[in-house]
Amino acid sequence: MRLDYVSIFPDFFTPLELSLPGKAADKGLLAFGVHDLRQWTHDRHRTVDDTPYGGGAGMVMKPEPWGEAFDELLTPATTVVFTTPSGEPFDQRLAEELATREHLVFACGRYEGIDQRVIDHARGVAEVREVSLGDYVLNGGEVAALAITEAVVRLLPGFMGNAASLVEESHAEGGLLEYPVYTKPPAWRGHEVPAVLRSGDHGKVAAWRHEQAVRRTAERRPDLLAPSVLDDGTPIVRATPGDAGELLTLQRACWVQEALANDMLDIPALHESLDDVRAWLGEWDTWVVRRAGRLVGAVRGRLEGEHTWDIGRIMVAPDLQGSGLGRVLLEHIQAVAPAGVTSYVLFTGAASARNQQMYKRAGFRLRRDLASPPGAVVLTKRR
Ligand code: SAM
């Protein structure tokens, strides 16, 4: 990847020689070019700004120096990143996208910004992204360009010593913030490392981390837990303890049908009490759908060991069965599985033909080679 920076303060980019981007350049993954915009001016004062048409405070960056800079630097393979507070918000997804480009040119604004025609012109020559670092105003685009660079460069293949570090961190595929992390010593100034992290039980560690990540995300960034939405705009939202009563009712209604289809009453979902439902709500990642206030669908998932996502209790109110809601719930619970999950597992009644058909259509395979409770079958799918 090649990175070029155009700025009236090229000294801002000295840190590129340091730290992570510098390491990437040493490894041959990157090449940098830093350019003073004033080299493309032709007057004695090396002017890059002028007063705004229409009046108003401040100065605007003139188009001519930018035009000449772009004539030299841009090719059809270039992506020009204009740093601006009115751009699309920079996030991990955008970092991932930019990491796939072969040439980025960062155009760093100053004053009140760059004459709009520069951006319009660049669009005719190369790909253009207008990118904001966040909802605040900086004095210039240099710091934004450096931040974007650091987030992008660490995603380049071969850059991180351990690529797994990228999968598990905040804003990675699973969409959750990272869980709290600890190192030695086990006790420090009266604060203990949680016992589960020292238990050596990888399954328990993975489950604890997932639970902490969900909790932290819900507390600090509930917007990241934005619900999936059904075709008609109805959201799938995380269940709350207050949903326990309705879940119990829905569960009974659904599993009576299961009992009839399988000719057996010995099904746990049929016998659970309200306290049982409250208890599993605390242990499973449970999602519900409401229509006109009524709880009409639910699904739950949790980690079994480190890499398996156990899916269960897919329930759809009897009057909505066959509407596709079960399929959407199944897709949703797979999508919210933690990043380290490599396979899904679920159980259903051996004679529940309709359920089995839905799971098979969703890519699950019947696994007669695996143990299952009496009267049930197990199905699995690779992620
Ligand atoms: N008048 C502009 C506005 O209100 O949108 C702000 C101009 S700002 C003082 C000068 C330059 O700083 C911008 O052209 C842009 O390059 C950079 N900048 C400021 N805030 C930024 C942000 N949140 N993200 C990216 N770049 C920013």
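All ligand and atom numbering here is 1-based and tracks the order in the structure.
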Only heavy atoms count here, so choose which of Val131, Val60, Leu138 is nearest to atom 20 (N) of ligand 1. Leu138

Decide salt bridge (charged side-chain N to carboxylate O under 4.0 Å, His left out) for Arg154 and Glu150; before the verdict, give the C-alpha distance in whole Å, the side-chain angles of both, and the deciding distance to 0.1 Å. CA-CA 6 Å; Arg154 61 199 299 283; Glu150 189 138 332; over 6 Å; no

Return the closest protein heavy atom for atom 2 (C) of ligand 1 as residue, atom name and distance. Glu112 O, 3.7 Å

Below the 3.5 angstrom mark, is there an N/O of Gly134, backbone or side chain, next to an N/O of ligand 1? yes

Between Thr249 and Gly245, is there a donor-acceptor pair closer than 3.5 Å when you use the side chain of the first and the backbone of the second? yes

With Arg300 as the cation and Trp280 as the aromatic partner, state whether NZ or CZ is under 6.0 Å from the six-membered ring centre and within 45° of the axis. yes

Side-chain (Arg367) to main-chain (Leu370) donor-acceptor, under 3.5 angstrom: no

Shortest protein contact, atom 23 (N) of ligand 1 (heavy atom only): Tyr136 O, 2.8 Å

Go through it in stages, so that I can follow the logic: the residues are Glu258 and Arg354, the test is salt bridge (charged side-chain N to carboxylate O under 4.0 Å, His left out), and I'd like the CA-CA distance, side-chain angles, deciding distance and then a yes or no. CA-CA 10 Å; Glu258 280 291 278; Arg354 207 156 95 169; over 6 Å; no

Under 3.5 Å: N/O of Ala144 near N/O of ligand 1: no

Under-4.0 Å salt bridge between Glu272 and Arg313: yes

Numbered atoms of ligand 1 (with element) below 4.0 Å of Gly113, judged on heavy atoms: 14 (O)

I need the single residue from Asn355, Val377, Leu330 that forms a side-chain contact (heavy atoms from CB on, under 4.5 Å) with Leu346. Which is it? Leu330

Between Thr217 (side chain) and Leu177 (backbone), is there a donor-acceptor pair under 3.5 Å? yes

With a 6.0 Å cut-off (strictly less than), is the heavy-atom count around CG of Asp201, excluding the residue itself, greater than 12? yes

Does Ile114 have a heavy atom less than 4.0 Å from any atom of ligand 1? no

Just to confirm, does any protein heavy atom lie below 4.0 Å from atom 26 (N) of ligand 1? yes

Looking only at protein heavy atoms, what sits closest to atom 11 (C) of ligand 1 is Gly109 O, 3.5 Å

So if I count the atoms of ligand 1 from 1 in the order they appear, which ones are less than 4.0 Å from some heavy atom of Leu133? 22 (C), 23 (N), 24 (N), 25 (C)

Which residue holds the protein heavy atom closest to atom 4 (O) of ligand 1, what is that atom called, and what is the gap in Å? Pro85 CG, 4.6 Å

Closest to atom 16 (O) of ligand 1 (judged by heavy-atom distance), picking from Ile148, Val143, Thr83, Thr84: Thr83

Determine whether any heavy atom of Tyr111 lies closer than 4.0 Å to an atom of ligand 1. yes

Ser86 near ligand 1 by a heavy-atom separation under 4.0 Å: no

Relative to each other, are the rings of Tyr5 and Phe106 parallel, tilted or perpendicular (30° and 60° limits)? parallel

Distance filter under 4.0 Å to Gly141 heavy atoms, resulting ligand 1 atoms: 12 (O), 16 (O), 17 (C)

